[in-house]
Asker: 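Can you keep this structure in mind? I'll have questions shortly.
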Amino acid sequence: MKLTDEAMRNKDSIGDQHEADCGEAGATPPIVVGYALTPKKITSFMQPKLENLARSKGITFVAIDQNRPLSDQGPFDVVMHKLRGTEWYQALEDFRQDHPEVTILDPPESIEHLRNRESMLQDVDDMKLSDSCGVVGVPRQLVVTADDSSVFDVVTKAGLNLPLVAKPLVADGSQKFHELSLAYDQNSLCELEPPLVLQEFVNHGGILFKVYVVGEAIKVVRRYSLPNVTKSELSKISGVFRFPRVSCAAASAEDADLDPEVAELPPQPLLERLAKELRRRLGLQLFNLDIIREYGTRDRFYVIDINYFPGYGKMPDYELIFTDFLLSFRRIKHNKFPHNIN
Ligand SMILES: Nc1ncnc2c1ncn2[C@@H]1O[C@H](COP(=O)(O)OP(=O)(O)OP(=O)(O)O)[C@@H](O)[C@H]1O
Ligand SMILES: O=P(O)(O)O[C@H]1[C@H](O)[C@@H](O)[C@H](OP(=O)(O)O)[C@@H](OP(=O)(O)O)[C@H]1O
Ligand SMILES: [Mg+2]
Ligand SMILES: [Mg+2]
């Protein structure tokens with residue numbers, strides 16, 4: 001594989017910088033991670049603590065310039081991205097073909113699988129994960145499209161139980177896609193705008209678990225969620241209500257005085273099995289999932305959401321976990337630099 005002159009010059013300067021930082025010339029090859037993230041993601045993820053720790057471990061982060069060919073930049077060992085769009089995906093695909101030795105985190109087609117809230121949870125459903133630690137499923141749900149003449153009829157036919165969480169079908173990362181509502185009665189369903197997913201609301205005591213996955217590492221945190229809906233509330237309330245992004249707030253529920261049965265984390269072996277199997281099925285290394293425990297049970301869990309490259313800045317110790325993960329892509333080689341230059 002030939003590197004362009006520009007990439008060669010970059011390679012030399014990254015190597016020199018690494019030697020200056022590490023003191024030992026070429027003791028460990030540097031690892032170069034190109035990143036293409038949204039400005040919001042850069043702010044929350046590219047924190048000085050991460051960059052400093054990375055530097056001390058021989059990892060250099062390089063911001064990718066989307067206006068220049070990828071092959072002229074780097075050279076990279078890893079490309080990390082959370083951007084969408086045909087042009088970007090095409091640029092990545094061209095780059096992947098020219099540089100099969102570079103790890104792309106993650107493949108666009110796998111990321112796209114999470115865009116649709118139906119396909120997003122399909123793998124969890126197919127998995128039928130059940131062992132002595134618990135059972136993991138997805139809430140019953142259906143897709144309503146603009147072609148469906150009556151949301152009421154579709155829901156009645158499917159026999160879904162109220163209340164229902166209405167979620168935009170497509171998750172394109174924009175704010176609109178996060179506008180969710182809770183429908184208390186069937187007659188109000190006509191107020192909703194398809195295409196959407198209607199998902200049975202599962203009482204879970206107002207706490208959910210966010211499971212962050214970074215390769216083989218997982219980290220689980222508690223977050224505030226929607227409170228239970230009682231039978232009496234359900235009989236009295238009607239209408240469709242928007243609700244805020246309660247579980248996305250940085251405020252964690254870790255130190256709150258919670259009902260221990262609600263707060264107990266899902267068993268670690270269960271989460272590890274789930275994450276491992278999902279990584280394999282989804283073909284993704286960087287994602288998180290929202291999981292809830294059905295109120296009144298100890299071991300009945302539901303995955304309600306999976307997000308690609310979530311807010312890792314909110315994950316405790318993400319700097320350590322991420323740098324260790326990135327180091328695993330350091331290629332074993334005889335020469336000093338990541339790419340073989342023929
Ligand atoms: N089926 C459900 N039963 C109970 N609560 C639910 C259900 N689905 C969603 N919720 C609540 O609504 C919140 C938002 O739902 P969801 O996570 O699907 O949306 P999102 O916009 O994709 O969120 P994120 O910001 O995590 O990407 C959840 O965190 C949870 O509090
Ligand atoms: O806006 P999109 O592209 O959909 O991505 C969001 C995810 O859906 C959320 O899950 C992230 O928050 P959490 O890390 O709290 O799940 C959220 O994290 P952020 O608010 O810290 O960026 C986003 O990554
Ligand atoms: Mg969520
Ligand atoms: Mg989501």
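In each ligand, atom 1 is the first atom listed, and ligand 1 is the first ligand listed.
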Asker: Does the plane of the ring in Y308 sit parallel, tilted or perpendicular to the ring in H81? Use 30° and 60° as the thresholds.
Answerer: tilted
Asker: Can you tell which part of D305 has a heavy atom less than 4.0 Å from ligand 2: side chain, backbone, both or neither?
Answerer: neither
Asker: Side chain, backbone, both or neither: which part of Y212 has a heavy atom under 4.0 Å from ligand 2?
Answerer: side chain
Asker: Considering only the protein, which heavy-atom contact is closest to atom 8 (O) of ligand 2, and what is its distance?
Answerer: N307 OD1, 3.0 Å
Asker: Take atom CD of E261 as the centre, draw a 6.0 Å sphere, and report whether it contains more than 12 heavy atoms from other residues, nucleotides or ligands.
Answerer: no
Asker: Which one holds for F177 and ligand 2: side chain close, backbone close, both close, or neither close, with close meaning a heavy atom under 4.0 Å?
Answerer: side chain
Asker: Which protein non-hydrogen atom lies closest to atom 16 (O) of ligand 2, naming both residue and atom, and how far is it?
Answerer: K210 NZ, 2.7 Å
Asker: When you measure from the centre of the six-membered ring of Y302, is the NZ or CZ of R300 closer than 6.0 Å and no more than 45° off the axis?
Answerer: yes
Asker: Look at atom 21 (O) of ligand 2 and say which protein heavy atom is nearest, naming residue and atom and giving the distance to 0.1 Å.
Answerer: K314 CE, 3.1 Å
Asker: For the atom pair CG (D305) and CE (M120), what is the distance rounded to the nearest 0.5 Å?
Answerer: 4.5 Å
Asker: Relative to ligand 2, is K41 under 4.0 angstrom through side chain, backbone, both or neither, heavy atoms considered?
Answerer: side chain
Asker: So, does Q175 sit close enough to ligand 2 that a heavy atom of it is under 4.0 Å from the ligand?
Answerer: no
Asker: Kindly assign one of parallel, tilted or perpendicular to the pair F95 and F76, based on the angle between their ring planes and the thresholds 30° and 60°.
Answerer: perpendicular
Asker: Can you report which non-hydrogen protein atom sits closest to atom 5 (O) of ligand 2, along with the distance?
Answerer: K82 NZ, 3.0 Å
Asker: Report yes or no: do L278 and V135 belong to one cluster of Ile/Leu/Val/Met/Phe/Trp/Tyr joined by side chain heavy-atom distances under 4.5 Å?
Answerer: no
Asker: Just need the protein heavy atom nearest to atom 1 (O) of ligand 2, so name the residue and atom and give the distance.
Answerer: H178 NE2, 3.2 Å
Asker: So which protein heavy atom does atom 22 (O) of ligand 2 come closest to, and at what separation?
Answerer: K40 NZ, 3.0 Å
Asker: Ring centres under 6.0 Å, that's the criterion: do F45 and Y318 meet it?
Answerer: yes
Asker: Using 4.0 Å as the upper bound for N to carboxylate O, is an ion pair formed by E264 and R298?
Answerer: yes
Asker: Which protein non-hydrogen atom lies closest to atom 11 (C) of ligand 2, naming both residue and atom, and how far is it?
Answerer: G311 N, 3.7 Å
Asker: May I ask you to check whether over 12 heavy atoms, not counting those of E109, lie within 6.0 Å of atom CD?
Answerer: yes
Asker: Do F301 and V262 land in one hydrophobic cluster if side-chain heavy atoms of ILVMFWY residues count as linked below 4.5 Å?
Answerer: yes
Asker: Show all protein N/O/S atoms under 2.8 Å from the Mg ion (ligand 4), or state that there are none.
Answerer: D305 OD1, D305 OD2, N307 OD1
Asker: What residue and heavy atom of the protein are closest to atom 6 (C) of ligand 2, and at what distance?
Answerer: R245 NH2, 4.0 Å
Asker: Would you say the ring centroid of Y312 lies under 6.0 angstrom from that of F322?
Answerer: yes
Asker: As an exercise, state the distance from CG of L226 to CD1 of I207, rounded to the nearest 0.5 Å.
Answerer: 11.0 Å
